[in-house]
There are 2 protein chains.
Amino acid sequence: MTRYPGQKRFLIAVDCIIFGFDGEHLKLLLIKRGFEPEKGKWSLMGGFVQSEESLDEAANRILRQLTGLEGVYMEQIETLGDPERDPVERTLSVAYFALIDIHQYETHISGEYQAEWFPINKYPKLIFDHSNMVESARKRLRYKASLHPILFELLPEKFTMPQLQYLYEDVYNATFDKRNFSRKILSTNLLMKQKDKDKSASKKGAFYYKLNKRRYNDNFDSFLKLIPNPDHLI
Amino acid sequence: MTRYPGQKRFLIAVDCIIFGFDGEHLKLLLIKRGFEPEKGKWSLMGGFVQSEESLDEAANRILRQLTGLEGVYMEQIETLGDPERDPVERTLSVAYFALIDIHQYETHISGEYQAEWFPINKYPKLIFDHSNMVESARKRLRYKASLHPILFELLPEKFTMPQLQYLYEDVYNATFDKRNFSRKILSTNLLMKQKDKDKSASKKGAFYYKLNKRRYNDNFDSFLKLIPNPDHLI
DNA sequence: TTAATTTGGTGTCTAAATAACACTTAATTT
DNA sequence: AAATTAAGTGTTATTTAGACACCAAATTAA
């Protein structure tokens, strides 16, 4: 194999910003780093890219290691490559975000990484530049969710309108009028109202909805303008 | 220096998608690759990341090598890392796009790279996955320009309303009503009408406008909704 | 010098989307 | 039976978008 002479080669990591939603709040899954440096500190789940895998494959592998989940919605965000970002050796890191159904995760908890969910507005100090990655991921999530129905990836098969609204409110750190909100969501025709109710959160109970998967897939890219005036988007 | 043992290290390239606008059409700056493999084929301008430079620094260096320009608007798009993307040796490439004022470039032409401008809708076959990068860059440009006044980065200090409209039309591959277009652009208050006209493109001549730089910087992130219904955005 | 040609520039009206706003209903608890 | 709690629903005003056509300025041709 010919090579390009005289060029430096670098370690490549993939780090995953894993989002979940517990029915009330947007959460972030963090682990305690298992090796030096910064062993025992809070960190994103990550790992090194292997010789024969693509970046997407690495991201999926790393997510699977922690959560056991496959087929999860993931998206590459950015690559950070400051020469000083890892004190041990220069390492570039490709950040991915993942949107998982937190309930599916809970059946797969692996103690190995001492993982914990943190509220997105109150997570601990992270190693290296991982906090920057989290903030980039939040920004990207807002961007994307204002135009595409991406947040349904965080929900279980059946969910209620109040839950959906809590989710949007937490993502945008804003409050919405529930009449306007449900009208807008329903106007997308992506939801199918169920006959049964979730009675765990209130006396009256809230009707369940299911996502119409076909319409969801067909319309994913069609610019739904779910958030009308997102001043939030920076 | 401690090291992470047993991990593979990779070559990292930065490739630049360089956009320009000649007053009529959106253009792409390509070079003829100067070394094997694929020597002499059309390619994006790129280079390897050096030991002590960040990715942004590498991107700026590479752009400067070709154009002589500094302080140009650049944005990281994505990192491609398929194991087979470079046949010689596994190389990851971080793609950046750059928006330059084509007129400033023209004073800096360096024959070394045999660079040429191509219309964005008619550029030659490119090496490796460079065509994918170009298409990602176009998509990102549309996304960004529908929400932020980013396209002014492509224009000279003085420009006319028809030129600006040609630019938007070429980016979105669409046509707009000129009455609605100028009303919308002017409503942003980003432009200052000049007293003189550009008479090169018509008998009547079109008034020049200048960008109000202060307002531009202040409002860059404030979601201007410049393109109301961008079905185009995928 | 007059007429024709070309491109620039402007205003109104209709339709659609957004935003503000308050009461009733269902079910449980007291 | 009354009180409590959260869910669910409709109307109106305002704003924004979209469709649409004529006049003006300057050069070129007759």
Side-chain angles (χ1 to χ4, degrees), chain A residues 23-25 146-147 149 155 158-169 172 174-210 219 222-233, chain B residues 23-25 145-147 155 158-169 172 174-210 219 222-233:
Chain A
E24 292 186 80
H25 291 292
S146 74
L147 305 170
L155 291 163
K158 298 200 298 184
F159 52 86
T160 67
M161 195 59 74
Q163 283 168 5
L164 186 61
Q165 185 168 348
Y166 294 146
L167 173 54
Y168 272 88
E169 291 184 338
Y172 289 99
T175 54
F176 303 111
D177 180 278
K178 63 181 173 179
R179 290 161 290 192
N180 294 338
F181 180 81
S182 76
R183 180 158 8 95
K184 175 146 236 164
I185 292 288
L186 293 173
S187 76
T188 65
N189 270 314
L190 293 176
L191 296 193
M192 302 181 298
K193 190 173 187 171
Q194 304 302 111
K195 293 231 160 59
D196 53 335
K197 285 182 165 184
D198 166 33
K199 313 253 278 196
S200 66
S202 76
K203 298 163 187 172
K204 182 176 177 180
F207 281 104
Y208 279 118
Y209 287 85
K210 278 189 183 176
N219 295 308
S222 56
F223 214 78
L224 293 164
K225 273 207 273 187
L226 289 161
I227 301 296
N229 258 327
D231 311 310
H232 326 278
L233 306 196
Chain B
E24 292 184 80
H25 291 293
S146 75
L147 306 170
L155 292 163
K158 297 199 301 184
F159 51 88
T160 68
M161 195 60 74
Q163 284 169 2
L164 186 61
Q165 184 167 349
Y166 294 145
L167 173 54
Y168 272 87
E169 291 184 337
Y172 289 100
T175 54
F176 303 111
D177 180 278
K178 63 181 174 178
R179 290 161 292 190
N180 294 340
F181 179 81
S182 76
R183 180 164 4 101
K184 174 146 238 165
I185 291 289
L186 293 173
S187 77
T188 64
N189 270 314
L190 293 176
L191 296 192
M192 302 181 298
K193 190 171 188 174
Q194 304 303 110
K195 293 231 160 61
D196 52 335
K197 284 181 165 185
D198 166 33
K199 312 253 280 193
S200 66
S202 77
K203 297 163 187 169
K204 180 176 176 181
F207 282 105
Y208 280 117
Y209 287 85
K210 278 189 184 176
N219 295 309
S222 56
F223 214 78
L224 294 163
K225 274 205 274 190
L226 289 162
I227 302 296
N229 257 329
D231 311 310
H232 327 278
L233 306 197

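All values below were derived from every heavy atom in this structure, side-chain atoms included, with hydrogens, water molecules and symmetry-related copies excluded. Below, read A as the first sequence line, B as the second, and so on, with proteins coming before strands; counting in each chain starts at 1.
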Are B:Asn219 and B:Thr188 close enough, and set up right, to give a side-chain contact (heavy atoms from CB on, under 4.5 Å), and what steps lead you there?
CA-CA 9 Å; B:Asn219 295 309; B:Thr188 64; over 6 Å; no

Working note: A:Asp198 + A:Lys158, criterion salt bridge (Lys or Arg N to Asp or Glu O under 4.0 Å); need CA distance, chi angles, decisive distance, verdict.
CA-CA 9 Å; A:Asp198 166 33; A:Lys158 298 200 298 184; over 6 Å; no

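Distance B:Leu186 CG to C:dT10 C1': 11 Å, rounded to the nearest Å. The interatomic distance linking A:Lys204 (NZ) with C:dA27 (P) rounds to 8 Å, in whole Å. When rounded to the nearest whole Å, the span between CD of B:Gln165 and C1' of C:dT7 equals 12 Å. Between the CZ atom of B:Phe181 and the P atom of D:dC20 there is a distance of 20 Å, rounded to whole Å. When rounded to the nearest whole Å, the span between CZ of A:Phe159 and P of D:dA7 equals 15 Å. Following rounding to the nearest Å, A:Phe176 (CZ) and C:dC21 (P) show an atom-to-atom distance of 17 Å. In this structure, A:Tyr209 places its OH atom 9 Å from C1' of D:dG8, rounding to the nearest Å. Protein atom OH of B:Tyr208 is 14 Å distant from nucleotide atom C1' of C:dG8, rounded to whole Å.
Checked by atom type and distance alone, the side chain of A:Lys197 pairs as donor or acceptor with a backbone atom of A:Lys204 at under 3.5 Å. Within the 3.5 Å criterion, the main-chain N or O of B:Leu164 finds no donor-acceptor partner in the side chain of B:Tyr209.
No hydrogens or angles were tested; on distance alone, nothing pairs the side chain of B:Lys203 with the base of D:dT28 as donor and acceptor under 3.5 Å.
In this model, the phosphate group of D:dA7 is not approached by any side-chain N or O of A:Lys178 to a distance below 4.0 Å at OP1 or OP2.
Taking a pair to require two hydrogen-bonding distances under 3.5 Å in either a Watson-Crick or a G-U wobble arrangement, C:dT30 pairs with D:dA1.
Contact record, A:Phe207 with A:Gln194: CD2-O, 3.5 Å, taken as the closest heavy-atom pair.
Here the side chain of A:Lys184 is nearest to one of C:dT6, C:dT18, C:dG8, namely C:dT18.
Among residues two or more places apart in sequence or in another chain, the ring pair (Phe, Tyr, Trp, His ring centres under 6.0 Å) test is passed with A:Phe159 by A:Phe152.
Using a 4.0 Å cutoff on non-hydrogen atoms, the parts of residues 191-200 of chain A near DNA chain C are A:Lys197, A:Lys199, ordered by number.
Taking the six-membered ring for Trp, B:Tyr168 and B:Phe176 have ring centres at least 6.0 Å apart.
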Can you give me the N/O atom pairs linking the protein to nucleotides 10-14 of chain D at distances under 3.5 Å, or say none if there are none?
residue	atom	partner	partner atom	Å
D:dG10	O6	A:Arg183	NH2	3.3
D:dT11	O4	A:Arg183	NH2	3.4

